[in-house]
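On a predicted model such as this, the values are computed, not experimentally measured, just so you know. Letters A, B, ... mirror the listed sequences (proteins, then strands); counts begin at 1. No hydrogens, no waters, no symmetry mates; every other heavy atom, side chains included, goes into these values.
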There are 2 protein chains.
Amino acid sequence: MKYLLQDLKVRINDKVYIKDPESSALGKRIIEHSILMIDEMGFESFTFKKLGVKIGSNESSVYRYFENKHKLLLYLTSWYWGWIEYQLVFATNSIPKPEQKLKKSIEIITQSIKQDSSFSHINEVLLNKIVINEYSKSYLTKEVDKENKEGYFSIYKRLVTRLKDMIHEVNDTYAYPSSLASTIIEGALHQHFLKEHFPSLTDCNNKITPSTYYTDLVFNSLK
Amino acid sequence: MKYLLQDLKVRINDKVYIKDPESSALGKRIIEHSILMIDEMGFESFTFKKLGVKIGSNESSVYRYFENKHKLLLYLTSWYWGWIEYQLVFATNSIPKPEQKLKKSIEIITQSIKQDSSFSHINEVLLNKIVINEYSKSYLTKEVDKENKEGYFSIYKRLVTRLKDMIHEVNDTYAYPSSLASTIIEGALHQHFLKEHFPSLTDCNNKITPSTYYTDLVFNSLK
DNA sequence: CAAATATAATAGTATTACTATTAATTAATA
DNA sequence: TATTAATTAATAGTAATACTATTATATTTG
């Protein structure tokens, strides 16, 4: 499965970039090093100028791929959710029982990525960390409605919808399938963050994972 | 109760400000108009220069109260959580039954503020909107551990802990009381946001409130 | 009333987030 | 192969941001 997925290109709304970074070596270097740098210094301190220095190129060259760093963040996080979606569809496709299917999906969505595929220019372990620390910033903006209309969040929304449908399959009388689905996806990122920075606000640790907690939460609500 | 609360000053870690904004007329104008402006233009576009113009004063005067706009956000959100905590303690103090107590607390935490007290310089309705849209940005930073150590998030943490304790009172065998408490507080903000901007990702609307959803979620887990 | 202290305004700097222009390289075609 | 076209890269610049240092003006206190 890993080998299969590495060749699948995640399709991202072409309005988030000016020039497709997958189409050139420089574009791939932009993606590769922006992941390393955002992880290292955080999104606020990350600039195209610094990235230019790192990849031995110029700031303005980066601007020909992305309008600004916000669009680059949208690109990276869309890629991440698309990648998670592939894993989810792949891993659950052959499972017939709705309960088993949902359980597996929760696992995939709430897991923390431990190993990257080491083949492409995208480091999934660091990208997972970036999503935990920065994803909210991509939509907590004044432009969210405009950008939503342009489809910048469609991969994420599709993932929430898939999960909602699975919840519905398990129990079609449950009244809040969409809210539960969005709670799992957003909440899992939050629990991972708390585990790192506010351990007193979570029960998640080395033994109890967000997976364990959300599996319990969901099946208590659906039974 | 409203009349009582308006005179209660929320105590905020004095490291978040340089000079206490409650100690002068200018300070109060800074708080009052920063709330109006952050709500209107969003935290990213808000600057001390614009605030200075608005309050008929100078940028550098604002800098004598707050080191930077991040600290101002910490001040505003701490004030909000302190205010919520007061309401919660006040409203639940006399309730003997743990279930009733928890139910009431969930209501207070997950409600959207509809009316402000109209007495002070702080508009609670707008502040609630600011917390929904901007709170995450106050801790999703590279400085979070340092600032946490300095106690900048202590009011918020105390609130989560209070809720955790109430959950424990209802069911002391439940394994994830801290995670559930943090899920409610953070998740309610998220559901409010989705209701406004991504209605397809939530079941919350005019009829179903985040209160309804979280009450159901919590008591399903605890029974 | 003078001295100390607090407050406000002015002016400036380094950095950021871009944009416009020009130069160099690569690709296409005649 | 030579010429032109198109793409890509680098240079230089600008407006705005996020501050800081200095000076001026009130206000308070002894």
Side-chain angles (χ1 to χ4, degrees), chain A residues 14-34 37-38 40-76 121 134 137-138 140-143 146-147, chain B residues 14-34 37-38 40-76 121 134 137-138 140-143 146-147:
Chain A
D14 59 14
K15 282 182 210 135
V16 309
Y17 51 74
I18 294 165
K19 179 187 160 78
D20 185 357
E22 288 294 323
S23 72
S24 75
L26 181 66
K28 283 175 189 162
R29 283 173 64 73
I30 287 172
I31 298 304
E32 180 181 1
H33 285 88
S34 62
M37 289 177 79
I38 292 172
E40 195 186 314
M41 62 179 65
F43 187 66
E44 277 68 38
S45 301
F46 169 80
T47 70
F48 281 2
K49 188 161 204 168
K50 290 174 186 170
L51 176 62
V53 172
K54 196 72 144 208
I55 62 178
S57 181
N58 196 281
E59 194 188 3
S60 59
S61 305
V62 182
Y63 275 104
R64 266 176 303 98
Y65 286 84
F66 293 99
E67 211 183 316
N68 50 49
K69 68 176 182 173
H70 174 247
K71 291 277 175 79
L72 172 58
L73 181 63
L74 286 173
Y75 180 90
L76 294 177
H121 51 292
E134 323 286 0
K137 298 171 192 169
S138 76
L140 293 177
T141 68
K142 279 283 165 187
E143 296 75 36
K146 198 180 117 267
E147 296 188 343
Chain B
D14 60 15
K15 282 182 209 136
V16 309
Y17 51 75
I18 294 164
K19 179 186 159 81
D20 185 355
E22 288 293 322
S23 71
S24 75
L26 181 65
K28 283 175 189 163
R29 285 174 63 72
I30 287 173
I31 298 305
E32 179 182 2
H33 286 88
S34 63
M37 291 178 78
I38 292 172
E40 195 186 314
M41 61 179 67
F43 188 66
E44 277 70 37
S45 301
F46 169 80
T47 71
F48 281 2
K49 188 161 206 168
K50 290 174 186 170
L51 176 62
V53 172
K54 195 72 145 209
I55 61 178
S57 181
N58 195 280
E59 193 188 4
S60 59
S61 304
V62 182
Y63 274 104
R64 265 178 304 99
Y65 286 83
F66 294 99
E67 211 184 316
N68 50 48
K69 67 175 181 173
H70 175 247
K71 291 277 175 78
L72 172 56
L73 180 63
L74 286 173
Y75 180 91
L76 294 177
H121 50 292
E134 323 286 1
K137 297 170 192 170
S138 76
L140 293 177
T141 68
K142 279 285 166 186
E143 295 76 35
K146 199 179 114 267
E147 296 188 344

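- One atom, CD of Glu44(B), and another, P of dA18(D), lie 10 Å apart when rounded to the nearest Å.
- Using a 30° and 60° split on the angle between ring planes, Phe48(A) and Phe46(A) fall in the perpendicular class, above 60°.
- Put simply, CG on Leu51(A) is 13 Å from P on dA9(D), counting in whole angstrom units.
- The interatomic distance linking Lys19(B) (NZ) with dT5(C) (C1') rounds to 11 Å, in whole Å.
- Considering only side-chain atoms of Ser60(A), the nucleotide from dA9(D), dT11(D), dT16(C) that sits closest is dT11(D).
- In this structure, of dA9(C), dT17(D), dA17(C), it is dT17(D) that holds the atom nearest to the side chain of Thr47(B).
- Here the P atom of nucleotide dA18(D) and the OH atom of Tyr65(B) are 21 Å apart, to the nearest Å.
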Check your understanding: What do the steps show when you test Leu72(B) against Val62(B) for side chain to side chain contact (heavy atoms under 4.5 Å, CB included), and what is the final call?
Key -> CA-CA 10 Å; Leu72(B) 172 56; Val62(B) 182; 5.7 Å; no
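- The interatomic distance linking Asn58(B) (CG) with dT25(D) (P) rounds to 15 Å, in whole Å.
- Counting heavy-atom neighbours within 6.0 Å of Lys54(B) NZ, excluding the residue itself, gives a total of 12 or less.
- Look at CZ on Phe48(B): it is 16 Å from C1' on dA16(D), rounded to the nearest Å.
- Between Glu67(A) atom CD and dT19(C) atom C1' the separation is 12 Å, expressed in whole Å.
- Put simply, Lys50(A) has no side-chain N or O that comes within less than 4.0 Å of OP1 or OP2 on dT15(C).
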Practice item. Could you go through the side chain to side chain contact (heavy atoms under 4.5 Å, CB included) check for Lys69(B) and Leu51(B) one step at a time? Key: CA-CA 11 Å; Lys69(B) 67 175 181 173; Leu51(B) 176 62; over 6 Å; no
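- Between Lys71(A) and Lys15(A), the closest heavy-atom pair is NZ-O, 4.2 Å.
- Side chain of Leu26(A), nearest nucleotide from dA9(D), dT20(D), dA9(C): dA9(D).
- A straight line from NZ of Lys49(B) to C1' of dA15(D) spans 11 Å, rounded to a whole angstrom.
- Checked against dA9(D), dT11(D), dT19(C), the side chain of Arg64(A) finds its nearest nucleotide in dA9(D).
- Side-chain proximity of Asn68(A) to the nucleotides dT7(C), dC18(C), dA10(D) is greatest for dC18(C).
- Contacts of Ser57(B) with the nucleic acid, taken as non-hydrogen atoms under 4.0 Å apart, involve only primed sugar atoms and P, OP1 or OP2.
- Applying the 3.5 Å distance criterion, the base of dC19(D) shares a donor-acceptor pair with the side chain of Glu59(B).
- Counting only heavy atoms from C-beta on, Tyr63(A) has its side chain closest to dT19(C) among dA10(D), dA8(C), dT19(C).
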